[in-house]
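By convention in this document, chain letters (A, B, ...) are assigned in the order of the sequence lines, proteins followed by strands, and residues within each chain are numbered from 1.
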Amino acid sequence: MQGILKKISQINFGLLSPENIRKMSVTKIVTPDTYDEDGYPIEAGLMDPRLGVIDPGLRCRSCGSKGGDCQGHFGHINLARPVIHVGFADTIHKILRSTCSSCGRVLLTESEIIDYKDKLDAKYKNEESITALIKEIYTVARRDKCPHCDEEQEEVKIDKPVSIVEGNYKLTSSEVRERLEKIEEDDYILIGINPVVAKPEWMVLTVLPVPPVTVRPSITLETGERSEDDLTHKLVDILRINQRLKENMEAGAPQLIVEDLWELLQYHVTTYFDNEASGVPPARHRSGRPLKTLAQRLKGKEGRFRSNLSGKRVNFSARTVISPDPNISINEVGVPEMIAREVTVPVYVTDWNIEDMRKHIENGPKIHPGANYVIRPDDRKIRVYEETKDSILEKLEPGYVVERHLMDGDIVLFNRQPSLHRMSMMAHEVKVLPYKTFRLNLCVCPPYNADFDGDEMNMHVFQTEESRAEAKSLMRVQEHILSPRFGGPIIGGIHDHISGAYLLTREGSVFEEDHVLQMLKKARLPLPKRKNEGWTGKEVFSLLLPDDLNMVYRAEICRKCDECLRQDCKNDAYVVIEDGQLKTGAIDEKAYGAFSGKILDSIVKDYGTDKAREFLDSATKLAISGIMKRGFTTSTADEEIPREAKDRIEELLSMAELKVEQLIDAYHNDELEALPGRSLRETLEMKIMQVLGEARDKSGEIAESYFGMDNHAVIMALTGARGSMLNLTQIAACVGQQSVRGGRIERGYSKRTLPHFKEGELGAKASGFVHSSYKKGLDPLEFFFHAMGGREGLVDTAIRTAQSGYMQRRLVNALQDLSVQPDGTVRDNRGIVIQSKYGEDGVDPAKSDYGKVADIDRMIEEMRIKSKAAK
Amino acid sequence: MKKDILKHKLVPEHAILSKTEANKVIKQLNIHQEQLPKIKVDDPVVKEIDAKSGDILKITRRSHTAGKFITYRLVL
C-alpha cells in the first residue's frame with residue numbers, strides 16, 4: 001500500500017446546506033422499516049442497499065465496489081417540519097438575541113457596524129483569532145430598540161435544550177428559521193458566520209442526512225436474530241414520527257396534535273444527535289439502557305478520539321499475570337511458552353540463517369521454536385500448517401520473511417499501567433519459561449510499581465531491526481537503574497535482599513569456608529580460592545565489589561548519635577569501602593536498595609550500566625542465599641514485650657491522660673493561656689495533641705528499648721527492608737491518636753463523638769485516642785475511631801489518584817512535543833525555543849548526582865581514603 | 001502611589017539589546033528571531049523600560065538549578 005503524502009494547508013469548518021445534504025444523498029428514506037419478511041432490505045428504508053454494503057461478497061448498488069472497499073453513501077430524510085439542531089441551539093439563541101425581530105439587522109448602529117467590520121478585517125489579515133471580538137459584538141448588540149427600524153425588542157431566552165422563548169411566547173422552529181433567514185448576508189460576519197461556508201438558517205434542519213449502513217452496521221446474533229445499531233433505532237423513531245406528522249398535517253388535524261407531534265420529532269432529532277443533552281430525558285433501549293447516539297460515539301474516554309484515534313489496539317502484544325523469579329536477571333522477563341508460540345518476530349531469510357529458519361518451519365506453529373507465517377517476496381502471507389509446511393520448505397529461499405516464535409534473547413517491550421514515567425516501559429530480554437505467568441526479577445518492581453497480588457502486565461514484540469536496536473541501547477532495564485526523577489537508583493534491592501545482606505555483613509557474622517562456598521554456589525557466583533579459614537560476611541560481600549571502589553557513607557541503620565564515632569560505630573553503621581573491600585559497616589538499604597542505594601549509584605555512575613546490572617544480579621542472589629542459610633521469619637512474637645514494659649507503658653499513658661484532664665480543667669476554668677494567633681479552643685487542641693503525641697512516642701521508646709538486633713521485625717524496620725519502628729511500636733505498645741481532617745475526631749453525634757460520652761466531652765478517649773496496642777487489641781470504641789481514621793486514608797488516596805491522573809494528562813498533552821535539540825536548547829515542534837539551555841543548567845538529571853552536577857564532598861572523602869590506602 | 005516595579009525582588013533584570021548584540025544572540029542560538037520566547041508590549045516591565053515591538057530583551061534571573069540564568073525574549 002502506497003500512501004499519498006500531502007500537507008494540509010487549511011481546514012474550513014462550515015454548515016451543511018439542505019441542498020448539499022440532498023446532493024450527497026443517494027436516496028430519500030421514507031419507510032421506518034428495515035427488512036421485509038424474507039430478510040431483504042426494503043427500498044427507501046433505513047437499510048436501503050444503495051446506502052452501501054457490508055458483506056464482502058456483494059457489490060454496492062451505488063458505486064459498484066465490493067464490500068469493504070465501499071465506505072457507504074448517505075441518504076436523507078425530508079422532515080415534515082423544521083427542527084432545531086441541538087448543537088447549535090446556543091448559537092441560535094445568541095444570534096436571535098442580537099438581531100432585530102422585525103427587520104433582521106444586527107442590533108448595532110451604522111457606525112458600530114463599520115467600526116467592527118474594520119476590526120474584523122484587520123484580524124483576518126493578521127490571521128488572528130476573532131472569537132474575542134465576536135464575543136464583544138454579542139454583548140454590545142443587546143439593545144431594547146432596533147437602531148435600524150426602531151422596533152422594540154423583547155427579551156429572547158433559551159429554555160434548555162432547544163426551545164427559544166421570546167417574552168412569553170415560545171417560537172416554533174419554523175419561526176426561528178424565518179428569523180434567521182431575514183438576517184442580511186452583509187451582517188453574517190458580525191455574528192461570526194463566514195458567508196462562504198454557512199448561513200444561519202442552516203442551523204435549523206429541514207432535511208436530515210442518514211448515515212450509510214457502514215456507520216451503523218447491524219449484528220446477527222448466534223440465534224439468527226438481527227440486532228440493529230442504536231443509530232438505526234433512533235432513525236426509525238424519527239421516521240415514524242415524521243410520517244405521522246406528515247399524515248396528520250395532510251389530513252388537517254387540529255393544531256394541538258400537530259404541535260405535539262412536532263415536539264416529539266424535535267425530541268427524537270435532539271437525542272439522535274446527543275443523548276446526554278441537558279434538559280432532555282435520555283432515549284432508552286427496550287432493555288432500559290440509554291442509547292449511544294452520535295455525540296456519545298465521539299465524546300470522552302471511550303469515545304472515537306481518545307479510544308480509537310489517540311490510542312489503538314495493537315498486534316504482537318500479550319498480557320498476563322506477573323509473578324516473581326529471583327533467578328533471572330533484571331534485564332530478563334520470563335515469557336510463558338504459550339505466549340511465545342503466539343507472538344512472532346519477522347526474520348528475513350538469508351543464506352546464513354536459512355537452515356535455522358527451515359527448522360522453525362519444520363517445527364510448525366505448535367512446537368515451540370517454530371513459525372506461524374511465511375511472507376513471500378511478493379508480499380503474500382502464508383500460514384504455516386502441519387499439512388502445508390513441506391511445500392513451504394521447498395520454496396523457501398533468501399528474500400522470504402519467516403514469522404518465527406519468540407525465543408530466548410529476543411528484545412521485547414514490557415509495560416505496566418499506569419505508565420507514569422519512562423521506567424514504566426522498559427525493554428527486556430525474553431526467557432521462555434513453563435507455566436502461564438510473566439516472570440520478572442524483584443528489583444524491577446519499584447520502577448513498574450508492581451507487586452504480585454494479581455497485577456497484570458503487557459508485552460510488545462518489536463517488528464523491525466531498527467526498533468530492536470534502538471530499544472536495546474535506550475530502553476533496556478539496566479539503562480534505567482538511575483531515575484531522571486532524582487538522579488539516584490530507582491531499581492535496586494528490596495525486602496529480603498536488604499535484610500539478607502545485613503545479616504550476611506553485620507559485625508560478628510562469620511561463616512565456615514564450606515558454608516561460604518555453598519552460598520556462593522547457590523547464588524551461581526564464581527567460587528574464590530580457598531583460604532582454609534572462616535570468612536566474615538564482609539569478606540564475602542566484598543567479592544562482588546569492583547577492585548578499585550572507594551567510598552564512605554552512613555548506613556540506614558545509623559541511629560544519628562550526637563557524636564559520631566565513625567569507624568568505631570557500635571551499630572556498625574559507618575560504611576567504609578577501601579579498594580573494593582568492605583572494611584566496616586553493614587550492607588543495608590542505603591547500599592543497594594531501590595531509591596537510596598549508594599554503592600549501586602556509584603557503580604552505575606563510575607563503572608557503567610553493564611557492571612551495575614552484574615552487581616545487582618549477584619548481590620541480590622548472594623543476599624537471598626545468605627538469608628536462606630540462616631533462616632528468617634517474623635510473627636507477632638517479635639513484638640512481645642515483658643510485663644514490666646507493659647506496666648511502664650500503662651503508667652505513662654495514664655499519666656498522659658491525667659495531664660489531658662488537667663488541661664481540660666484549666667480550659668474550663670479559664671486558666672489556659674492562648675498561644676499567639678490561636679483561640680483558646682485551638683490552644684487546648686494543640687496542647688492535648690502534643691501531650692498525647694509525646695505519650696505515644698515515649699511508650700514506643702519504652703517498647704523499643706526491649707527490642708534488640710536479634711529481633712527479625714526490628715532488623716527489617718531498621719535496615720529499611722520493610723516496615724518501620726512506628727509500625728512495631730503500634731503493634732507492641734500503643735496505637736495512638738486517630739485523626740480525621742488533620743485533627744482529633746470531633747464528628748458524630750451532636751457535641752460528642754459517640755453516645756457513650758457526655759455532651760462536650762473533650763477527653764482523650766472521647767476524641768479517638770487509642771490507648772491499646774494492636775497486639776493487645778482495640779476496645780469497641782477505639783476500633784470505631786480507628787475505622788474512621790482508616791476510612792479517611794482510603795478516600796484520600798482514591799481522590800488523589802484521580803486528581804493526579806487528570807493533572808498528568810493535561811501536563812503530558814501540553815508538553816508532548818517538546819524535545820532537547822543537539823545544541824542543548826529545548827524547543828517545540830515549530831522550532832520555537834522554550835529554554836535556551838535544558839533545565840537552565842544543561843544537566844541530565846538521570847546522569848547527575850541527586851540533581852547536582854557532582855557531590856564534591858563525597859569526592860574529597862573518597863580521595864582521602866584512596867590516598868590513605870595507598871600509603 | 002506608584003512603585004518602581006523594577007526594584008521589586010521578584011522582577012528580574014531586563015535589558016534591551018542593541019541591534020548588533022541582538023544579531024549576535026540570534027546567530028549564537030542559530031534561530032530566526034520569531035523562534036525566541038516572546039514577551040508582550042503591554043507587559044508592565046516592557047512598558048517601564050520603554051522597549052518597542054521587535055526589540056530583544058536580555059533577562060537575567062535567578063535559577064534553582066543554575067544559580068543565574070540569562071534568557072532572551074522578543075517583544076511582540
Side-chain angles (χ1 to χ4, degrees), chain A residues 9 119 122-133 136 421 482-488 605 811 814-858, chain B residues 5-6 8-49 51-76:
Chain A
S9 60
K119 277 190 191 165
K123 293 255 181 193
Y124 262 114
K125 225 168 260 162
N126 295 334
E127 293 182 354
E128 283 174 56
S129 166
I130 57 163
T131 33
L133 200 57
E136 190 189 319
H421 53 192
L482 296 179
S483 164
R485 211 167 76 201
F486 50 84
K605 278 166 189 161
L811 199 62
L815 301 181
Q816 58 183 356
D817 291 323
L818 305 192
S819 61
V820 181
Q821 303 298 316
D823 63 0
T825 57
V826 180
R827 304 194 190 192
D828 68 3
N829 49 359
R830 297 167 302 172
I832 287 178
V833 176
I834 306 297
Q835 277 181 330
S836 47
K837 202 170 189 189
Y838 170 76
E840 303 192 337
D841 58 359
V843 172
D844 175 356
K847 300 210 162 63
S848 70
D849 205 296
Y850 289 89
K852 294 271 177 346
V853 183
D855 187 345
I856 304 287
D857 292 337
R858 205 193 72 191
Chain B
I5 57 165
L6 297 179
H8 193 279
K9 67 170 178 183
L10 293 179
V11 177
E13 188 191 324
H14 291 61
I16 305 169
L17 291 189
S18 68
K19 267 266 141 16
T20 46
E21 283 173 319
N23 284 335
K24 222 170 100 187
V25 167
I26 297 279
K27 204 163 204 177
Q28 186 195 322
L29 290 172
N30 192 23
I31 52 167
H32 300 295
Q33 181 162 299
E34 298 75 44
Q35 290 175 324
L36 277 175
K38 314 281 190 296
I39 189 165
K40 282 196 161 186
V41 244
D42 52 6
D43 182 278
V45 176
V46 172
K47 282 198 279 189
E48 194 71 23
I49 62 171
K52 296 281 173 295
S53 175
D55 282 350
I56 292 175
L57 300 189
K58 175 182 173 182
I59 300 167
T60 313
R61 61 178 182 223
R62 281 191 293 154
S63 156
H64 267 297
T65 48
K68 198 176 89 175
F69 186 67
I70 297 170
T71 182
Y72 300 94
R73 275 173 194 271
L74 176 70
V75 181
L76 277 181

*asked:* Other residues, nucleotides and ligands only: do more than 12 of their heavy atoms fall within 6.0 Å of NZ on Lys24(B)?
replied: no
*Give a yes or no on whether Lys605(A) atom NZ has more than 12 heavy-atom contacts from other residues, nucleotides or ligands under 6.0 Å away.*
yes
_Pair Glu840(A) + Arg61(B), salt bridge at N-O below 4.0 Å_ = yes
*For Ile834(A) and Pro37(B), work out which heavy atoms get closest and say how close.*
O-CG, 4.5 Å
*Any idea which heavy atoms bring Leu29(B) and Thr825(A) closest together, and the distance?*
CD2-CG2, 4.4 Å
*Are any non-hydrogen side-chain atoms of Ile31(B) and Val833(A) less than 4.5 angstrom apart?*
yes
*Are any of the side-chain heavy atoms of Ser63(B) and Asp841(A) separated by less than 4.5 Å?*
no
*asked:* Let me confirm one number: the CD1-NE2 distance from Ile832(A) to His32(B), rounded to the nearest 0.5 Å.
replied: 11.0 Å
_Which atoms of Arg827(A) are under 4.5 Å from chain B, going by heavy atoms: the side chain, the backbone, both sets, or neither?_
side chain
